[in-house]
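Every chain is numbered from 1, with letters handed out A, B, ... down the list of sequences. Note that these values count all heavy atoms, side chains included, but never hydrogens, waters or copies made by symmetry.
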Protein chains: 2
Amino acid sequence: MEIDEAPRTRMPAAERRELILRDATAVFAANGYGGTTTDLVAKAAGVSQPYVVRMFGTKEKLFLAVLDRASRVLAEAFRAAIPGPDGDERRERMGMAYVGLIAERGLHQVLMQAFLLGGDPVIGPEARACFLGIWQLVRDEAGMSEQESRDFFAGGMLINTIVALRLGDSHGVDPEIDTMFGVAFPCSFDVYKDVLPTADEPY
Amino acid sequence: MEIDEAPRTRMPAAERRELILRDATAVFAANGYGGTTTDLVAKAAGVSQPYVVRMFGTKEKLFLAVLDRASRVLAEAFRAAIPGPDGDERRERMGMAYVGLIAERGLHQVLMQAFLLGGDPVIGPEARACFLGIWQLVRDEAGMSEQESRDFFAGGMLINTIVALRLGDSHGVDPEIDTMFGVAFPCSFDVYKDVLPTADEPY
DNA sequence: GTCTATACCAAGATAGAC
DNA sequence: GTCTATCTTGGTATAGAC
């Protein structure tokens with residue numbers, strides 16, 4: 001009785017790779033490095049588990065690829081927001097760009113996951129390089145002062161935390177959280193309410 | 001040829017419990033929830049793996065106990081820093097209290113780990129409650145305005161990240177990092193240089 | 001380029017002795 | 001209160017077919 005499509009639609013490697021990386025980002029973000037299985041990633045991407053391993057070598061290398069992609073996506077988003085009036089306005093644009101990336105499921109969280117793995121002998125150094133790279137971009141390319149860079153970064157880390165915590169779920173029901181959103185984000189709730197992940201979203 | 005001490009020194013349950021929780025904090029902090037094994041915790045605490053499970057039920061319950069302890073320790077440290085002149089001075093004292101807790105190995109990181117698990121059906125709600133509890137303490141008990149609370153929290157999240165990333169290792173060799181430390185911490189590097197974890201610290 | 005089958009190991013949890 | 005031994009599951013990675 002032939003249940004259709006055994007070997008999924010064939011696809012050029014590069015394209016499939018990008019597809020898997022996107023899905024892996026969301027899975028790593030939600031489950032952490034240790035909590036993620038290559039099978040979970042495979043399921044999310046609609047391919048077999050051995051294929052994921054085959055394509056990236058090991059789970060660790062897959063994570064590094066995810067991290068690399070995430071930091072490049074972030075850097076691009078920031079760079080795209082730089083042109084135009086500088087100072088407060090530029091910071092505002094960059095903040096909006098950052099919040100806009102919430103739509104890229106798991107991007108902020110996977111970066112945090114990597115940062116938290118600073119003690120790992122192989123992921124740690126990569127994570128530090130990534131963090132420093134963004135720091136330099138913000139300070140040198142966007143021209144923020146050190147104090148401005150610090151505040152910008154700190155705000156970013158807070159946003160990451162709020163997103164990862166799924167605090168958005170409580171928005172509108174919990175006044176505590178409403179006020180937090182009011183101060184934490186560089187724009188009104190409407191802008192990002194439909195991109196925030198929900199508490200019961202699998203990833 | 002009797003290699004000594006088979007059943008380790010007996011100890012009242014409450015005391016052993018606290019001891020295990022401390023060590024588990026460091027292990028969870030360094031390896032994440034998924035990356036932590038009950039055996040790793042057992043080794044760190046110098047007891048057998050089944051005993052850890054026996055005492056806490058499951059790995060998940062152990063993590064919840066660690067989270068609960070961490071948030072209580074943090075709340076106490078903040079409360080102890082409230083009495084005295086308010087405004088900037090109080091914020092400064094609270095910031096110092098926060099940095100001082102770096103000596104409690106893994107405390108900040110384990111909180112972050114919990115926050116990143118916001119999507120988890122059982123850990124998520126606990127993590128949100130913990131975050132909100134501290135938010136309320138900072139705003140209501142310490143009397144910070146919403147904007148001040150937000151900045152205080154944001155700075156805290158940045159400190160967590162820097163600590164977890166083991167950026168301290170590069171201090172003194174990398175000028176980028178020196179300037180970051182200069183702006184991110186509420187005190188000079190000397191105050192915390194010997195409590196910051198190193199990149200190769202197992203946990 | 002993608003799958004199925006499987007070897008192998010690691011980790012959580014239980015049983016039960018001391 | 002604490003251990004040793006062990007059962008069981010599930011996850012990484014390999015082999016090899018299509």
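For the pair R54(A) and dT14(D), the criterion of a side-chain N or O lying under 4.0 Å from OP1 or OP2 is not met.
Between F63(B) and Y33(B), the two ring planes are perpendicular [angle over 60°; tilted spans 30° to 60°]. Aromatic ring pairs are classed by plane angle as parallel below 30°, tilted from 30° to 60° and perpendicular above 60°; the pair F115(B) and F131(B) is perpendicular.
Put simply, the side chain of S71(A) does not reach to within 4.5 Å of the side chain of L74(A), judged on heavy atoms.
In this entry the distance linking CD of E60(A) with P of dG11(D) reads 19 Å, nearest Å.
Position along DNA chain C of the nearest nucleotide to M55(A) versus Q49(A) favours M55(A) as the more 5'-ward residue. Residues P50(B) and A13(B) each lie close to DNA chain D; by heavy-atom proximity, the contact nearer the 5' end of the strand is made by A13(B).
Here dT2(D) is the nucleotide among dT2(D), dT14(D), dG1(C) with the atom lying nearest to any side-chain atom of M11(B). Taking the side chain of V47(B) as heavy atoms from C-beta on, and the options dT14(C), dC3(D), dT4(C), the nearest nucleotide is dC3(D). The nucleotide whose nearest atom lies closest to any side-chain atom of Y51(B) is, among dT2(C), dA13(D), dC3(D), dC3(D). Side-chain atoms of T37(A) lie closest to dG11(D) of the nucleotides dT2(C), dA13(D), dG11(D). Of the listed nucleotides (dC3(D), dG12(C), dC3(C)), dG12(C) has the atom at the smallest distance from the side chain of T38(B).
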